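This report refers to the structure that appears directly beneath it.
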Amino acid sequence: MNYWQTDFSIGNIKVPRFISGPLDGYTDSPFRQLTRHYSPSALLYSEMRHVASVSHDNGAKKALRFENFEKPFSFQTSANSTDFIEEAVERLLAHGITSVDLNVGCPARAVVASGAGSELMANMETLEKIVKLFRKLLPIPFTVKMRAGFKKKNALEVARMLSDNGVDALAIHPRLQSAKFSGLLDYDLVAQIKKEISIPLIFSGDVRTIDDARMVYDRTGVDGFMIGRGMQGQPWKLKQLQTEALGQEFKISQQEIIRCALKHLDLLTKHYGDHGLFNFRKHIPFYIHDFEEAAGIRKELMVVESYGQLTESLNQLI
Ligand SMILES: Cc1cc2nc3c(=O)[nH]c(=O)nc-3n(C[C@H](O)[C@H](O)[C@H](O)COP(=O)(O)O)c2cc1C
């Protein structure tokens, strides 16, 4: 069996090479259910939620609602101190999630200003305390997702510390906080971390095609690939990559794309009630992409105000 055919271990679970990463506003339960339909065993991530909200009985309610078949399901959380972690972990464990991921990479201004996300990479002392507490409390896999660094690239130093503290796997988006989600990716830094750290390393950044994944593997030797924006409007993306990695062709018809969009709309409405219809609008441009007259179709769909009318319009496209 070659590299692409084998799973890799994160703590006591084994997962395929391609993972659906956390995307706030996108990787909610409806999206994960669609992804699961195509990829029966892939690791799927939640959106990020702060431990303070996870710790309250009324907090993060929608984010914590998931179907059993979404598992393996990693819940991503953020923290800026050790406050609320104990209560958050208790609630997460009660919900039966597969693993917990700590966000140490978010570049958003509000998150960074509170001392969470990528700012923690510049505050190793606090980060270590947070990680030690999670590790002590979690009997399930515990992972961290980070960046190249906050203002300076210290991912290697952070990775060593995380590995020494029993973190089960690391995901890295090798850009500084200021680069947000664009600009050059530092493959050499990732290769260096892979060489020095023995826990599994997952690459996150601009992987959309099998050629991207092969190039990243050749340059870094990472264990897995986390797909973010490449999943948008393409919940079949992990299956596509896995299929193409085996040298087989993957095709999806425009009819199936629309059927998938219809299912998405249905799941969003079940999950969010009436708000599901408006939530669906942000997904429309991603689904209606390579269609003839895509711009016109998108424009029409974006203004539809009722579930019935929207499903009818989508059905007409089929
Ligand atoms: C809209 C959006 C939301 C994101 N939300 C999260 C998040 O909640 N947690 C996280 O760790 N990363 C988040 N990210 C970062 C992605 O997980 C990923 O690391 C980054 O987009 C690079 O990978 P990609 O090129 O495959 O998208 C987000 C990125 C985008 C564009």
Side-chain angles (χ1 to χ4, degrees), residues 17-29 31-32 35 42-51 53-54 60 62-64 66 73-80 97 99-112 114 116-121 127 130 134 142-150 155 158 162 167 169-187 189-190 201-213 215-217 220 222 224-235 237-238 240-241 279 281-283 285-286:
R17 303 282 174 194
F18 296 105
I19 292 168
S20 170
L23 281 186
D24 194 35
Y26 291 90
T27 53
D28 51 9
S29 177
F31 189 76
R32 292 191 303 269
T35 306
L43 179 61
L44 311 180
Y45 275 62
S46 70
E47 308 164 87
M48 179 181 86
R49 290 293 178 269
H50 194 274
V51 281
S53 103
V54 178
K62 290 262 192 293
L64 274 166
F66 63 95
F73 169 45
S74 173
F75 193 96
Q76 192 190 57
T77 189
S78 63
N80 48 355
I97 56 162
S99 53
V100 172
D101 184 74
L102 174 69
N103 180 309
V104 182
C106 182
R109 208 181 305 154
V111 174
V112 163
S114 76
S118 56
E119 213 274 339
L120 278 175
M121 292 190 76
L127 177 59
I130 291 171
F134 270 112
F142 172 47
T143 60
V144 171
K145 181 167 180 280
M146 63 181 189
R147 284 194 162 242
F150 183 58
V158 173
L162 296 172
V167 169
L170 298 178
I172 181 163
H173 177 55
R175 290 183 172 118
L176 286 173
Q177 180 268 343
S178 53
K180 304 243 165 69
F181 302 116
S182 60
L184 291 179
L185 291 154
D186 194 339
Y187 301 102
L189 175 67
V190 179
L201 187 61
I202 300 158
F203 188 94
S204 165
D206 299 356
V207 177
R208 288 169 184 269
T209 66
I210 191 59
D211 288 344
D212 295 335
M215 178 274 289
V216 169
Y217 179 64
T220 65
V222 288
F225 307 86
M226 186 175 263
I227 316 300
R229 290 164 291 184
M231 297 293 302
Q232 288 171 312
Q234 302 183 87
K237 183 54 103 180
L238 303 179
Q240 177 173 4
L241 291 167
N279 189 304
R281 284 186 182 164
K282 70 181 162 204
H283 299 281
F286 294 111

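Whatever order the structure lists them in is the order used to number ligands and atoms, beginning at 1. Keep in mind the model is a prediction, meaning the values are calculated, not measured.
Residue R208 does not touch ligand 1, judged by heavy-atom distances below 4.0 Å.
Relative ring orientation between F142 and F134 is described as parallel, the plane-to-plane angle staying below 30° on a 0-90° scale split at 30° and 60°. Between F66 and F73, the ring-plane angle classifies as tilted under the 30° and 60° cut-offs.
No N or O atom of G21 sits closer than 3.5 Å to an N or O atom of ligand 1. At a 3.5 angstrom cut-off on N or O pairs, I227 does not count as close to ligand 1.
Residue, atom and distance of the protein heavy atom nearest to atom 6 (C) of ligand 1 are P22 O, 3.2 Å. The protein heavy atom nearest to atom 15 (C) of ligand 1 is F181 CE2, 3.3 Å. Nearest non-hydrogen protein atom to atom 5 (N) of ligand 1 is D24 N, 2.7 Å. Atom 11 (O) of ligand 1 has as its closest protein heavy atom Q76 NE2, 2.8 Å. Atom 12 (N) of ligand 1 has its closest protein heavy atom at K145 NZ, 3.0 Å.
Short contacts between ligand 1 and G205, defined as distances under 4.0 Å to a heavy atom of the residue, involve ligand atoms 22 (C), 23 (O), 25 (O).
In this comparison of E47, H173, R229, the heavy atom closest to atom 27 (O) of ligand 1 sits on R229. Comparing heavy-atom distances from atom 19 (O) of ligand 1 across C106, S182, S204, S78 singles out S204 as nearest.
Evaluation of the salt bridge (Lys or Arg N to Asp or Glu O under 4.0 Å) test over residues 169-179, restricted to residues two or more places apart or in two chains, returns R175-D206.
Judged by the 6.0 Å distance and 45° axis criteria, K237 is not positioned over the aromatic ring of F18.
A ring-centre distance under 6.0 Å is not found for Y217 and F225.
The ring-ring contact (aromatic ring centres under 6.0 Å, His included) test applied to Y45 returns no partner, not counting sequence neighbours.
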